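Beneath this line is the structure, given in structure tokens, with notes to follow.
Quick caveat, the model's predicted, so the values are computed rather than measured.
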Amino acid sequence: PATTPPSVSDHVRDVIEVLDAHGVDRAVVAGVSGGATVGLALALSHPDRVGAALLHEPALGPIAPGVHGLL
């Protein structure tokens with residue numbers, strides 16, 4: 001059966017869960033395209049959890065409508 005695809009917020013929540021599970025307070029994040037979108041959303045919504053970011057060509061617009069609201 002068809003399911004709703006995960007949102008950027010879902011991916012950010014997953015990243016936070018992984019960081020927490022491994023005891024990482026701040027991470028260096030890197031991503032390209034969709035990964036850069038997740039990294040950007042993570043940095044904007046949880047700036048205390050991102051030490052540095054290398055984000056190339058985030059895919060914004062319809063794929064991540066909530067990211068513009070964080071800017």
Would you mind listing every salt bridge (charged side-chain N to carboxylate O under 4.0 Å, His left out) that reaches into residues 13-23, with sequence neighbours excluded?
Asp10-Arg13, Asp20-Arg49
Can you tell me how far the OG atom of Ser45 sits from the CG atom of Leu40, to the nearest 0.5 Å?
9.0 Å
Minimal heavy-atom distance between Ala36 and Gly31, with the atoms involved, is CB-O, 3.4 Å
Please give me the minimum heavy-atom distance between Val8 and Ala41, naming the atom from each residue.
CG1-CB, 3.5 Å
Given Val50, which of Leu19, Val28, Val15, Val29 fulfils the side-chain contact (heavy atoms from CB on, under 4.5 Å) condition?
Val29
Could you check if a side-chain atom of Val12 sits within less than 4.5 angstrom of a side-chain atom of His46, using non-hydrogen atoms only?
yes
Is Val24 reachable from Leu42 through a run of hydrophobic residues whose side-chain heavy atoms are each under 4.5 Å from the next?
yes
Least distance between heavy atoms, Arg26 atom then Pro47 atom
NH1-O, 3.8 Å
